[in-house]
Engineer: 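So that we are looking at the same thing, I have put the structure below in structure tokens.
Residue numbers start at 1 and run along the sequence shown. Worth knowing before you read on, the calculation uses all heavy atoms, side chains too, and leaves out hydrogens, waters and symmetry mates.
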Amino acid sequence: MILEIKSLTSGYGKMKILHNITANMNTGEVLSIVGPNGAGKTTLLNSITGNARIFSGRIIFEKSDITGRKPENMPYIGISYVPQLTNIFPTLTVEENLLVSAQILRDKNLIRERLEEVYSLFPILLERRRQKAGTLSGGERQMLAIARGLIQRPKLLLLDEPTAGLAPKMVSIISDKLIEIKKTNISIILVEQNLRVALDVGDRVSVIVSGRIVAEGKTSSFSIDDISKLFFANTKS
């Protein structure tokens, strides 16, 4: 087991967003987190990475308590976070973006090796490597953001809405790339509004509504209709 979340209540300031969340995941597993807007999905990622306030509960990563640890420490313990927004440096080139993320590696040969790995996964980034990131298409930006997380070769990769706002063709491409990443045995928590992507990529799914987990299990046990009904049945009016 790589991650355990025990009775977590968290939020921002005095506001509690998540309530008594308990979850866990095994090494190499993809856990999809789904729920309606405002359910607390991003807050869960922010709680793991030290960007949210923990009122109670514990977060255990590889048997070590990381509850409330500072966000800047996360890459050094093996956790990479790719937020939905502000996930690239638009004024830097594609390769400069990747090199910024790779600096924790320090070894130049290792950095070059990791660059080759992400370029192999995302060949378009190799073509665009000298292009300013801000001039990329939406889908290319998401590829770059994911590559920035992967170049550190994390043990746990946190992805927040990687297909949000993308055209259907690009959603399919990103989904296929996530399945490729899954084969490398990196553990992934995937927050995803697109239920088809969440079910196709994930091994298990947790459904969060109004800050609480209302259902969880193998993705093969759920349909899109099942999850949509859970959203409606558990959303407070």
Side-chain angles (χ1 to χ4, degrees), residues 2-25 29-90 92 97-98 100-105 133 141-142 144-165 178 181 186-193 198 202 206-213:
I2 191 168
L3 184 71
E4 298 174 81
I5 299 172
K6 301 182 177 183
S7 303
L8 176 70
T9 295
S10 62
Y12 309 98
K14 296 181 179 180
M15 182 178 294
K16 296 177 180 179
I17 305 294
L18 296 179
H19 306 275
N20 199 33
I21 296 288
T22 293
N24 58 68
M25 63 183 299
E29 185 175 49
V30 178
L31 175 63
S32 292
I33 306 293
V34 300
N37 290 332
K41 304 184 297 297
T42 297
T43 299
L44 179 60
L45 300 186
N46 284 338
S47 299
I48 295 169
T49 56
N51 289 293
R53 178 183 177 186
I54 309 299
F55 291 92
S56 61
R58 297 170 66 205
I59 301 169
I60 310 297
F61 177 66
E62 290 195 314
K63 300 182 180 180
S64 295
D65 192 335
I66 63 166
T67 311
R69 188 170 292 194
K70 293 181 179 179
E72 57 267 28
N73 292 332
M74 293 299 150
Y76 295 95
I77 65 172
I79 298 177
S80 287
Y81 180 25
V82 182
Q84 181 181 353
L85 302 173
T86 61
N87 51 24
I88 63 167
F89 297 104
L92 300 183
N97 266 270
L98 294 171
V100 167
S101 292
Q103 288 310 301
I104 70 165
L105 304 174
R141 288 188 186 201
Q142 278 305 103
L144 176 57
I146 295 168
R148 292 188 67 231
L150 283 175
I151 202 167
Q152 298 170 351
R153 196 177 286 174
K155 298 173 183 177
L156 177 62
L157 179 65
L158 309 180
L159 298 174
D160 192 2
E161 304 275 11
T163 69
L178 295 180
I181 295 167
I186 292 176
S187 305
I188 301 172
I189 296 182
L190 172 64
V191 166
E192 185 53 70
Q193 199 72 12
S206 290
V207 183
I208 296 181
V209 181
S210 299
R212 292 176 169 83
I213 293 179

Engineer: Got a second to check how far R141's CZ is from L144's CG, nearest 0.5 Å?
Structural biologist: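 The CZ atom of R141 sits 9.5 Å away from the CG atom of L144.
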Engineer: If I take atom CD1 from residue I21 and atom CD1 from residue I213, how far apart are they, to the nearest 0.5 angstrom?
Structural biologist: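 Interatomic distance, I21 CD1 to I213 CD1, rounded to 0.5 Å: 4.0 Å.
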Engineer: With heavy-atom distances below 4.5 Å as the criterion, would you say the side chains of T163 and E192 are in contact?
Structural biologist: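 When only atoms from C-beta onward are counted, E192 and T163 do touch, with a gap below 4.5 Å.
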Engineer: Got a donor-acceptor contact below 3.5 angstrom from the S32 side chain to the A198 backbone?
Structural biologist: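 A pair under 3.5 Å: yes.
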Engineer: Please report the shortest heavy-atom distance between R148 and F89, naming the atom on each side.
Structural biologist: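 Scanning both residues, the minimum pair turns out to be NH2-CE1, 3.2 Å.
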Engineer: Dump the intermediate steps for side chain to side chain contact (heavy atoms under 4.5 Å, CB included) on I59 and L3, then the final yes or no.
Structural biologist: CA-CA 7 Å; I59 301 169; L3 184 71; 4.0 Å; yes
Engineer: Run the numbers on S187 and L157 for side chain to side chain contact (heavy atoms under 4.5 Å, CB included), then give the verdict.
Structural biologist: CA-CA 6 Å; S187 305; L157 179 65; over 6 Å; no
Engineer: Identify the two heavy atoms, one from N97 and one from A133, that lie closest to each other, and give their separation to 0.1 Å.
Structural biologist: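 Taking every non-hydrogen atom into account, ND2-CB, 3.5 Å.
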Engineer: To check you understand the geometry: which heavy-atom pair defines the closest contact between M25 and L156, and what is its length?
Structural biologist: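 Shortest heavy-atom separation between M25 and L156 comes out as SD-CD1, 3.9 Å.
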Engineer: Might you point out which heavy atoms bring A145 and N87 nearest each other, and give the distance in Å?
Structural biologist: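 Looks like CB-CG, 3.5 Å.
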Engineer: Just by distance, with hydrogens left out, do T42 and Q84 show a side-chain donor and acceptor under 3.5 Å apart?
Structural biologist: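 The answer is no; no qualifying pair exists.
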Engineer: Per the side-chain contact (heavy atoms from CB on, under 4.5 Å) rule, which among I208, V207, L158, L190 passes with I33?
Structural biologist: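 For I33, the side-chain contact (heavy atoms from CB on, under 4.5 Å) test succeeds with only one of I208, V207, L158, L190, which is I208.
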Engineer: Atom CG of L18 and atom OG of S7: how far apart are they, to the nearest 0.5 Å?
Structural biologist: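 One finds 12.5 Å between CG of L18 and OG of S7.
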Engineer: Would you find a donor on one side and an acceptor on the other, under 3.5 Å apart, between the side chain of T9 and the backbone of H19?
Structural biologist: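 Not confirmed, T9 side chain does not pair with H19 backbone.
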Engineer: Please report the closest heavy-atom contact between I54 and G68, naming both atoms and the distance.
Structural biologist: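 The pair with the smallest heavy-atom distance is CG1-N, 4.3 Å.
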Engineer: With a 4.5 Å cut-off on side-chain heavy atoms, are I188 and I181 touching?
Structural biologist: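 Heavy-atom side-chain distance check passes, below 4.5 Å.
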Engineer: Would you say N51 and P71 make side-chain contact, with heavy atoms under 4.5 Å?
Structural biologist: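 Yes, close enough: below the 4.5 Å cut-off.
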Engineer: Between F61 and K155, is any pair of side-chain heavy atoms under 4.5 Å apart?
Structural biologist: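 F61 vs K155: side chains touch.
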Engineer: So, E62 side chain and I2 main chain: donor-acceptor pair closer than 3.5 Å or not?
Structural biologist: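 Checked: no pair found.
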Engineer: Is the shortest side-chain heavy-atom distance between N24 and I5 below 4.5 Å?
Structural biologist: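 Of all side-chain heavy-atom pairs linking I5 with N24, none is under 4.5 Å.
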Engineer: Determine whether a donor-acceptor pair (N or O, by modelled atom type, separation under 3.5 Å) exists between the side chain of K41 and the backbone of P36.
Structural biologist: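 Here the side-chain-to-backbone pair exists.
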Engineer: Checking Y81 against N46: is there a side-chain donor and acceptor pair closer than 3.5 Å?
Structural biologist: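 Yes.
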Engineer: Measure the CD-CG distance between Q193 and D160 for me, rounded to the nearest 0.5 Å.
Structural biologist: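 The CD atom of Q193 sits 10.0 Å away from the CG atom of D160.
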Engineer: Less than 4.5 Å apart, any side-chain heavy atom of I60 and any of K6?
Structural biologist: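 Answer yes - side chains close enough.
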Engineer: If I compare all heavy atoms of T43 with all of G11, which pair ends up nearest, and what's the gap?
Structural biologist: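 For T43 and G11, the tightest heavy-atom pair comes out as CG2-CA, 4.3 Å.
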Engineer: So do the side chains of I146 and L178 get within less than 4.5 Å of each other, counting heavy atoms only?
Structural biologist: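 I146 vs L178: side chains touch.
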Engineer: Would you give the length of the straight line joining atom CG of L8 to atom CG of L44, rounded to the nearest 0.5 angstrom?
Structural biologist: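 Spacing of CG (L8) from CG (L44) equals 7.0 Å.
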Engineer: How many angstroms lie between atom CD of E4 and atom CD1 of I66, to the nearest 0.5 angstrom?
Structural biologist: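 These two atoms lie 11.5 Å from each other.
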Engineer: Taking S10's backbone N and O only, do any of them form a donor-acceptor pair with R53's side chain (distance below 3.5 Å, no angle check)?
Structural biologist: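 Not a single qualifying donor-acceptor pair exists.
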Engineer: Does L92 form a side chain to side chain contact (heavy atoms under 4.5 Å, CB included) with V100? I'd like the steps, not just the answer.
Structural biologist: CA-CA 10 Å; L92 300 183; V100 167; 4.0 Å; yes
Engineer: Can S80 and Q152 be counted as having a side-chain donor-acceptor contact under 3.5 angstrom?
Structural biologist: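 Result is yes, a qualifying pair exists.
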